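Note on naming: letters A, B, ... go to the chains in the order of the sequence lines (proteins, then strands), and numbering restarts at 1 for each one. Keep in mind the model is a prediction, meaning the values are calculated, not measured.
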Amino acid sequence: MLRIYNTLSRSLEEFIPRERGKVYMYNCGLTPYDYPHVGHARSAVIYDVIHRYLEYLGYEVIHISNFTDIDDKIIARSQELGITCEELTQKYIDVYLKDLKALNVKPLYGYPRATEHIKEIIEMVRTLQEKGFAYEISDGVYFEVRKFKDYGKLSHRNLEELRSGARIEVNPEKKDPLDFAIWKKSREGEPSWDSPWGKGRPGWHIECSAMSLHYLGNSFDIHGGGDDLIFPHHENEIAQSEAYTGISPFARYWVHNGMVEIEKEKMSKSLKNFFNLDELLRDYDGEVVRLYLISVSYRKPLSFDIESLEVARKNYEYFNESFLSINEDIERNNKGDVPVEDKILQWRSDFRKAMDDDLNFPVAIALLFDIFKFFNGNKEKISSKEALKLKEFLNEMLGVLGIEHLGERRASVLSSLKDRIMDVIGFLSKNEALRKELSSIDKEMAVNDILQSLVDLRAEMRLRQDFVSADQIRDALKEVGVVLEDTKEGTKYRLVST
RNA sequence: GGCGCCGUGGCCAAGUGGUAAGGCAAGGGUCUGCAAAACCCUCACACGUCGGUUCGAAUCCGACCGGUGCCUCCA
């Protein structure tokens with residue numbers, strides 16, 4: 001039974017969906033006015049693993065995430081750059097979606113945009129006004145917090161506490177400093193839509209309420225987002241949604257992920273300390289970044305640093321090499337008598353126990369080490385048949401964690417190294433002992449044949465006890481990221497980042 | 001000021017009442033022409049400090065110290 005922490009009750013709760021066998025899930029996406037950063041990646045990956053685990057448990061998951069593609073920052077930035085808001089937001093939406101793909105985040109049921117749901121938003125604002133929860137003043141329509149008795153139930157604050165911390169008022173016409181705009185009247189030159197209140201645009205995250213209710217209905221199951229959104233964003237979402245529908249709860253489980261920090265400070269665009277995700281993904285494989293992001297409990301802050309990311313890379317390489325090794329074992333028709341069935345039953349039960357316990361990713365990852373270590377330590381004694389069972393079970397777990405490309409990348413990486421390997425051959429040709437043999441290699445050959453020729457040549461040198469030449473080959477290849485390893489089954493190569 | 005979170009070995013990080021998972025680093029070993037990889041072994045009388053509750057606490061309570069998030073648009 002899955003237990004998950006609900007911010008609403010501040011406790012772990014048994015997860016029981018609204019509808020048998022189905023989970024309706026919404027998580028707050030981003031405002032696309034700049035490059036996404038590692039924090040956005042963390043959020044997306046966390047909800048992706050939750051999504052995958054729910055599917056693993058047999059649920060159909062209807063999961064959406066929004067783009068808030070109209071707001072003050074977008075308007076300001078597009079004016080700065082002299083482009084339209086659409087051009088600006090489309091650019092960063094494209095970048096974000098591309099990055100999500102690299103991170104192996106499953107495509108969602110939908111990515112609704114605020115600008116595509118103006119009709120629903122206006123309808124909501126209008127109803128709120130009719131019901132007496134909202135009022136119009138000179139610059140927009142405001143939600144009146146004191147009319148909503150449960151205001152503060154998510155962030156566990158009351159109006160008094162909030163007022164004492166409130167900042168200086170912008171519009172003195174507001175009835176209460178805490179009242180917030182759900183519709184903003186637009187100024188000259190700003191994008192706008194016709195409404196009962198004249199030209200204007202959506203206010204404070206009313207789009208999240210409008211779109212989640214539109215697609216998922218009342219009392220949908222999971223609403224997620226970063227924990228910086230608890231107040232005021234999600235608090236306001238609850239207020240405007242429940243006041244609108246008259247039905248509580250707006251969402252049943254509120255899940256919040258911890259922030260990514262840099263040097264003990266929250267990573268954010270406004271602090272200018274963010275790590276550009278797109279750039280990061282040029283240097284690191286998406287699955288490495290993903291592994292890194294789920295190596296800490298989802299609710300805790302994650303302090304981002306390259307050293308830890310390097311550890312994740314190292315761990316990923318260990319998984320990758322071990323996985324390849326299992327594949328080889330399966331192909332080799334190994335004999336063996338170490339059974340694997342009971343181990344798998346235990347691992348599966350441990351995995352579920354960890355994930356059921358509020359999605360304990362780190363423990364699930366520790367299990368991966370357990371499994372690979374077991375295989376590596378018993379390689380000779382595990383038959384191909386058993387190795388296949390092991391692989392199938394690993395795929396089961398890896399599928400939930402979203403690490404699904406172990407052992408698949410070497411072909412593409414290798415072909416990208418062709419030019420550099422040809423350079424290596426040029427360099428090695430300076431050695432008299434190697435020159436003649438190397439001359440038979442030309443760049444028309446397939447890259448793995450070229451590599452195999454080098455491996456064969458080195459074997460010959462070793463046989464001749466010409467370790468100087470043999471080591472020269474090995475060292476030169478290592479420079480370009482191909483590490484040769486002499487094992488009982490012959491020389492193997494391993495690709496590392498340089 | 002209010003509402004929270006965090007402080008576990010050199011580093012990262014699980015564990016939240018029953019006597020410290022896992023990873024990285026480090027040291028030793030097996031294997032190897034030498035390596036690398038892999039494997040094996042070692043590596044927290046102890047979980048910020050001080051009190052308390054308990055047969056028993058890293059885990060509960062209190063105080064204190066240090067760090068940090070939110071309190072108007074931030075994943």
K.L.:
When you check the phosphate oxygens OP1 and OP2 of B/C70, does a side-chain N or O of A/Lys266 lie under 4.0 Å from one of them?
P.N.:
yes

K.L.:
Does A/Asn158 put a side-chain nitrogen or oxygen below 4.0 Å from OP1 or OP2 of B/G2?
P.N.:
no

K.L.:
What nucleic acid atoms does A/Asp471 come within less than 4.0 Å of, heavy atoms only: base, sugar-phosphate, or nothing?
P.N.:
base

K.L.:
Who is the Watson-Crick or G-U wobble partner of B/C45, with both distances under 3.5 Å?
P.N.:
none

K.L.:
What is the base-pairing partner of B/A20, counting Watson-Crick and G-U wobble geometry with both distances under 3.5 Å?
P.N.:
none

K.L.:
Using the ring centroid of each side chain, check whether A/Phe220 and A/Phe250 are separated by less than 6.0 Å.
P.N.:
yes

K.L.:
For A/Lys264 and B/G69, give me the distance from atom NZ to atom P, rounded to whole Å.
P.N.:
10 Å

K.L.:
From NE2 of A/His234 over to C1' of B/G4, roughly how many Å is that when rounded to an integer?
P.N.:
16 Å

K.L.:
Roughly, in whole Å, what's the span from CD1 in A/Ile74 to P in B/C74?
P.N.:
11 Å

K.L.:
Here's a test of your reading of the structure: between A/Arg10 and A/Tyr33, which maps to the more 5' nucleotide of RNA chain B?
P.N.:
A/Arg10

K.L.:
Do A/Arg474 side-chain and B/A35 base share a donor-acceptor contact under 3.5 Å?
P.N.:
yes

K.L.:
What is the nucleic acid contact for A/Gly258, judged by heavy atoms within less than 4.0 Å: base, sugar-phosphate only, or nothing?
P.N.:
base

K.L.:
Quick one: A/Gln240 CD to B/C73 C1', roughly how many Å, whole number?
P.N.:
12 Å

K.L.:
Using Watson-Crick or G-U wobble geometry with both distances under 3.5 Å, which nucleotide pairs with B/G51?
P.N.:
B/C61

K.L.:
Take atom CZ of A/Phe231 and atom C1' of B/C3, then tell me their distance rounded to the nearest Å.
P.N.:
10 Å

K.L.:
Whether the side chain of A/Asp486 and the base of B/C34 hold a donor-acceptor pair under 3.5 Å is what I'd like checked.
P.N.:
yes

K.L.:
Report yes if a side-chain nitrogen or oxygen of A/His205 is closer than 4.0 Å to either non-bridging phosphate oxygen (OP1 or OP2) of B/C74; otherwise report no.
P.N.:
yes

K.L.:
In Watson-Crick or G-U wobble terms, both distances under 3.5 Å, what is the partner of B/G4?
P.N.:
B/U68

K.L.:
When you match A/Arg494 and A/Leu302 each to their closest nucleotide on RNA chain B, which lands nearer the 5' end?
P.N.:
A/Leu302

K.L.:
If you look at every strand shown and take non-hydrogen atoms under 4.0 Å, does A/Phe180 touch a base, only sugar-phosphate, or nothing?
P.N.:
nothing

K.L.:
Given the P atoms of B/A63 and B/C73, what is the spacing between them in whole Å?
P.N.:
32 Å

K.L.:
Strictly by Watson-Crick or wobble contacts shorter than 3.5 Å, is anything paired with B/A38, and which nucleotide is it?
P.N.:
B/U30

K.L.:
Quickly work out the A/Asp227 CG to B/C71 C1' distance and round it to whole Å.
P.N.:
14 Å

K.L.:
Hey, does A/Gln465 reach any base, or is it just sugar-phosphate, or nothing, if we go heavy atoms under 4.0 Å?
P.N.:
nothing

K.L.:
Look at the side-chain N and O atoms of A/Ser297 and state whether any lies under 4.0 Å from the OP1 or OP2 oxygen of B/A14.
P.N.:
yes

K.L.:
How close or far is atom C1' of B/A14 from atom CG of A/Asp350, stated in whole angstroms?
P.N.:
14 Å

K.L.:
Ring centres of A/Tyr92 and A/Tyr35 under 6.0 Å apart?
P.N.:
yes

K.L.:
Using a cut-off of 4.0 Å between protein heavy atoms and nucleotide atoms, how would you tag nucleotides 16-28 of chain B 5' to 3' with B, S and -?
P.N.:
-----BSSSS---

K.L.:
Mind checking A/Gly377 for me? I need base, sugar-phosphate or nothing, with any heavy atom below 4.0 Å counting as a touch.
P.N.:
sugar-phosphate

K.L.:
Under the rule for ring-ring contact (aromatic ring centres under 6.0 Å, His included), what residues qualify as partners of A/Tyr284, not counting sequence neighbours?
P.N.:
none

K.L.:
Name the closest nucleotide to the A/Val483 side chain, picking from B/C34, B/A36, B/C73.
P.N.:
B/A36

K.L.:
Could you give the distance separating B/C47 and B/A14 at their C1' atoms, to the nearest angstrom?
P.N.:
12 Å

K.L.:
According to ring-ring contact (aromatic ring centres under 6.0 Å, His included), who are the partners of A/Tyr151, at least two apart in sequence or on a separate chain?
P.N.:
none

K.L.:
Is a side-chain N or O of A/Glu235 found less than 3.5 angstrom from the main chain of A/Lys153, in a donor-acceptor match?
P.N.:
yes

K.L.:
Round to the nearest Å and state the distance from A/Lys488 atom NZ to B/A36 atom C1'.
P.N.:
15 Å

K.L.:
Around A/Lys353, counting heavy atoms of other residues, nucleotides and ligands shown, do more than 12 lie under 6.0 Å from its NZ?
P.N.:
no

K.L.:
Does a sphere of radius 6.0 Å around CZ in A/Arg187 hold more than 12 heavy atoms from other residues, nucleotides or ligands, not counting ones at 6.0 Å or beyond?
P.N.:
no

K.L.:
Taking the six-membered ring for Trp, is the centroid-to-centroid distance between A/His63 and A/Tyr109 below 6.0 Å?
P.N.:
no

K.L.:
Can the ring centroids of A/Trp347 and A/Phe374 be said to lie less than 6.0 angstrom from one another?
P.N.:
yes

